[in-house]
Structures are given as C-alpha cells and as structure tokens.
Amino acid sequence: MKRPERVAVIGVGILGASVGWNLSRHGAKVVFIDAGQPGEGVTNWSFSWLNASNKTARKSYFDLNVAGMAAYRELARIIGPDSWWYPSGHLRWADDPAAEAKFLNTAELLASWDYRVEVYTGAEVRRSLEPALTMPGEVPVLFYPDEAWVHGRHLVGRLVGRAVASGAELRSGAAVCDIGTGADGSIRTVALSDGSCLDVNIVVNAAGPSASHVAGLIARHLPMRREPGVVARIGCAQVPVGRAMHAPRVEIRPDGDASVVLHSREIDALIDTGEDPAQLARLLHESARHVVPELGNSCVAQARVANRPIAADGFPSVGAVPSVPGYYEAVSHSGITLGPVIGRLLASEILSGTRDEMLADFRPERFAP
C-alpha cells in the first residue's frame with residue numbers, strides 16, 4: 001500500500017493523540033486538528049479508569065480492553081510513566097445485597113477469563129490499602145490489582161509533543177468545517193474555521209462527541225447516543241486516597257495535583273432535570289464525604305458536564321469506511337482504556353492496509369454509510 005502523503009487527525013483527545021503519535025513515529029506526515037486544545041475536551045473530563053472488569057457484555061470487547069491495558073504497560077516502557085500513569089489497582093464494593101451479588105458474580109466470570117481479582121473485607125481494606133475510607137468491616141470488597149487510572153491530559157501532551165518533535169503539525173483552536181473529496185470519492189482536502197485548507201489524503205475522525213458531525217461532512221451517518229456525564233475535581237491539601245474506586249453511589253480517584261476526581265452514574269441521571277454543574281458537583285462532594293470523611297475539609301475546584309463519545313450500540317467504531325477511500329474512524333467510549341491499543345491497530349491499518357481481527361466486531365461498516 002502507498003504510504004499516506006498527509007494524514008489529518010481530527011480531534012486530539014486520547015484516541016486522536018494515540019493514532020497520530022503511532023503514525024508519526026512510523027514516518028507518516030500527520031497534522032493534528034482540534035477545535036480546542038489537545039487533551040482539554042472529554043479526555044480531561046473523564047473518570048479515566050483503565051480497566052476491563054466493567055466490559056463483560058461481549059467477550060471480544062473484554063479482550064480488546066485487556067489488550068488496551070497491556071498497551072499501556074508497553075507505552076509506559078516506551079515513553080516513561082511520568083505524571084500520567086498510575087497502576088495502583090481499583091476497588092469496588094456495594095451497600096445493597098442485589099448490587100453485591102451482581103458484582104461478585106461478575107468477579108467469578110472475570111476469574112474464569114484469567115482476569116486477576118482479589119476479595120477482601122472492608123476491615124482488611126482499611127487496614128492495608130485505604131485507611132481513610134469508611135465502610136462496614138465485614139463488607140466484601142473486590143480489588144483488581146492490574147487496573148489503573150490515567151491522567152489523560154498529561155498523556156495527550158506527551159504523545160502530541162513527541163509527534164510534533166518528529167515532524168507532525170498541530171492546528172489547535174480551529175474546527176473542521178468541510179472535508180473535500182475527489183471524483184473517485186477519496187479524501188482530498190480538509191477546510192478549517194480559520195480559513196485554511198489542507199491537502200490531505202487520509203482523515204482520521206477521532207472527534208469524540210463531535211464525531212457524528214464530522215462524519216456528516218462526508219455524508220456518512222454515524223449514529224451516536226446522547227449520554228452526558230458530570231465530573232468534579234475536589235481540591236485538597238493532601239489527597240486521602242491512593243487508587244481509583246467504585247463506592248456505593250460515587251466513584252473516587254486521586255488526580256495527582258492535590259485533587260480528587262468524582263463521578264456518579266446516579267448523579268449523571270439528574271443532568272436533564274435542570275440541575276446546574278455546580279449543584280451536581282455539590283451532590284458528588286456530599287456522596288464522597290460519606291466514603292472519605294477527610295474530603296469534608298475540601299472544596300469543589302472544577303466541574304464540567306461532558307457528552308460521552310458513544311456509538312449507538314455502545315461499542316467502538318474503528319477502522320476504514322470502504323465507501324470513502326481515505327476516511328477512518330476512531331470513536332469510542334472508554335477511550336482512556338482503549339486509546340493506546342486503538343492507536344496502534346488503526347495506525348497499522350492505515351500504513352499497511354491490513355485489518356486486525358481484534359477489531360472485527362467494531363468495524364464502522366456495521367452502521368449504514
């Protein structure tokens with residue numbers, strides 16, 4: 001296959017940065033395009049939990065996420081772990097029998113798939129892992145030692161910085177307003193909101209929540225869910241927890257820079273009721289204080305409601321769209337977990353034309369052109 005002359009990567013979150021970095025380090029000419037700043041969109045407003053334990057709906061999806069976890073370990077070896085990589089494991093527990101039974105059953109399934117999971121009591125967790133937590137001493141707590149959390153904005157900065165150092169371009173603060181095609185339907189140009197027009201022969205749509213709009217520029221229908229989520233950052237002089245955790249009604253993780261990140265699906269459900277982000281953040285903070293009392297001395301530093309980039313069936317859309325030569329998609333929820341593996345697999349497909357079987361269930365052609 002002819003080497004791409006110039007690749008436009010639209011959207012510079014974790015997926016776009018991963019694809020672009022992999023292309024650049026193998027000699028492709030890459031231009032990153034983002035309407036905002038790299039890593040500042042949904043990548044920065046995600047719970048950023050690296051896992052496969054929450055991905056059991058389809059075995060092929062679980063396997064892809066396990067490969068994503070392995071890709072992070074390899075990435076940390078290549079570029080160094082720095083301030084983006086925190087492989088400290090993940091805790092999960094519940095406070096009602098039905099939820100507890102469900103996650104214990106999931107743990108059995110995961111163990112049968114050779115996924116590492118350990119079961120502790122609440123008392124053991126407080127004694128040896130997280131002394132700042134409040135939980136019943138006898139409650140079963142799952143610990144997934146191979147899971148992690150990732151500082152997505154820092155990682156995107158590292159990947160884009162390396163790509164630019166090896167010749168890639170960065171066009172930030174400019175949205176894509178048109179994608180031009182030739183007589184044969186193949187990609188030819190990308191027009192930006194700053195008035196510039198770039199000659200390219202490959203486009204990678206990694207535009208996250210805006211991916212459906214970008215697809216529409218080539219008359220492609222990419223059905224996506226509207227699924228907003230609220231994330232809050234809590235400033236604290238000393239971070240009281242050491243790892244990501246799913247507690248009853250709230251998810252908590254450290255965030256490096258003297259802060260803690262909070263998320264809750266129950267509070268996400270209030271977004272369409274008219275609650276503003278500040279009120280949602282206060283609800284998150286109150287839920288977290290019940291789990292980590294030390295957070296009562298902290299305050300909400302930032303909060304944001306962001307739309308998740310989720311295709312209509314809930315699974316990634318990754319690879320070429322055969323009807324438009326040169327157009328590829330890299331759209332997925334769980335972009336934090338999948339970024340490095342999708343980046344590697346899609347870059348290889350663009351450069352070699354070879355389609356990896358790991359992506360067979362997640363091809364864009366399952367949606368009508």
Side-chain angles (χ1 to χ4, degrees), residues 43-51 53-54 69 72 76 81-95 99-100 103 107 116-155 229-268 280-304 336-337:
T43 290
N44 195 41
W45 294 99
S46 158
F47 189 61
S48 299
W49 162 44
L50 175 61
N51 81 96
S53 61
N54 209 38
M69 295 168 67
Y72 266 99
D82 271 13
S83 61
W84 61 268
W85 170 239
Y86 297 88
S88 47
H90 169 255
L91 295 167
R92 182 188 286 271
W93 72 101
D95 63 357
E100 185 177 291
F103 80 62
R116 288 211 300 163
V117 55
E118 301 166 4
V119 184
Y120 296 99
T121 65
E124 289 170 331
V125 167
R126 289 200 312 268
R127 185 165 58 245
S128 61
L129 293 175
E130 295 285 357
L133 300 184
T134 61
M135 60 175 68
E138 70 283 356
V139 68
V141 182
L142 299 181
F143 178 54
Y144 294 100
D146 296 329
E147 297 183 353
W149 69 270
V150 173
H151 198 301
R153 180 166 49 85
H154 288 178
L155 176 55
V230 60
V231 166
R233 283 187 165 86
I234 307 298
C236 39
Q238 186 170 355
V239 176
V241 294
R243 52 187 48 79
M245 59 191 70
H246 278 61
R249 288 171 295 283
V250 67
E251 302 160 21
I252 306 169
R253 69 161 173 83
D255 195 42
D257 304 323
S259 64
V260 169
V261 165
L262 307 177
H263 173 252
S264 166
R265 289 192 174 275
E266 287 86 349
I267 293 174
D268 283 353
L280 296 170
R282 285 192 288 271
L283 294 173
L284 282 168
H285 193 194
E286 183 61 31
S287 295
R289 287 171 56 188
H290 290 299
V291 181
V292 187
E294 287 182 43
L295 291 177
N297 301 321
S298 58
C299 59
V300 176
Q302 295 175 300
R304 180 80 56 86
I336 287 291
T337 298

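For Asp255, the salt bridge (charged side-chain N to carboxylate O under 4.0 Å, His left out) partners at least two apart in sequence or on another chain are Arg233, Arg253. Residues satisfying the ring-ring contact (aromatic ring centres under 6.0 Å, His included) test with Trp149, not counting sequence neighbours, are Tyr86.
When every heavy atom of Ser53 is checked against every heavy atom of Asn51, the shortest pair comes out as N-OD1, 3.2 Å. What you find for His263 and Asp268 is that their closest heavy atoms are NE2-OD2, 2.6 Å. For Ser83 against His151, the heavy-atom pair with the smallest separation is O-CB, 3.5 Å. For the pair Gly235 and Ser298, the tightest heavy-atom approach, listed with the atom from each and the gap, is O-CB, 3.0 Å. Scanning both residues, Val260 and Cys236, for their nearest heavy atoms gives CG2-SG, 3.8 Å. The two residues Leu295 and Ala288 make their nearest non-hydrogen contact at CD1-CB, 3.8 Å.
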### Task
Run the numbers on Ser48 and Val261 for side chain to side chain contact (heavy atoms under 4.5 Å, CB included), then give the verdict.
CA-CA 9 Å; Ser48 299; Val261 165; over 6 Å; no
### Task
Begin from the C-alpha positions of Tyr72 and Val150 and carry the test side chain to side chain contact (heavy atoms under 4.5 Å, CB included) through to its verdict.
CA-CA 10 Å; Tyr72 266 99; Val150 173; 3.8 Å; yes
### Task
Just do the side chain to side chain contact (heavy atoms under 4.5 Å, CB included) check on His90 and Leu50 with the steps written out, would you?
CA-CA 9 Å; His90 169 255; Leu50 175 61; over 6 Å; no
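Between the side chain of Ser264 and the main chain of Leu284, no donor-acceptor pair closer than 3.5 Å is present.
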In a table with atom names and distances, give each donor-acceptor pair under 3.5 Å that connects a side chain of residues 127-143 to protein atoms at least two apart or in another chain.
| residue | atom | partner | partner atom | Å |
| --- | --- | --- | --- | --- |
| Ser128 | OG | Glu124 | O | 2.8 |
| Glu130 | OE1 | Gly242 | N | 3.2 |
| Glu130 | OE2 | Gly242 | N | 3.0 |
| Glu130 | OE2 | Arg243 | N | 3.2 |
| Glu130 | OE2 | Arg243 | NH1 | 2.9 |
| Thr134 | OG1 | His290 | O | 2.6 |
| Thr134 | OG1 | Val291 | O | 3.3 |

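Aromatic pair His246/Phe47: ring centres closer than 6.0 Å.
Atom CH2 of residue Trp45 and atom CZ of residue Arg153 lie 9.0 Å apart, to the nearest 0.5 angstrom. Between the CD1 atom in Ile234 and the SG atom in Cys299 there is a gap of 7.5 Å [rounded to 0.5 Å]. To the nearest 0.5 Å, atoms OG1 (Thr43) and NE2 (His154) are separated by 13.0 Å.
When side chains are defined from C-beta on, Asn54 counts as touching Trp49, because their heavy atoms get closer than 4.5 Å.
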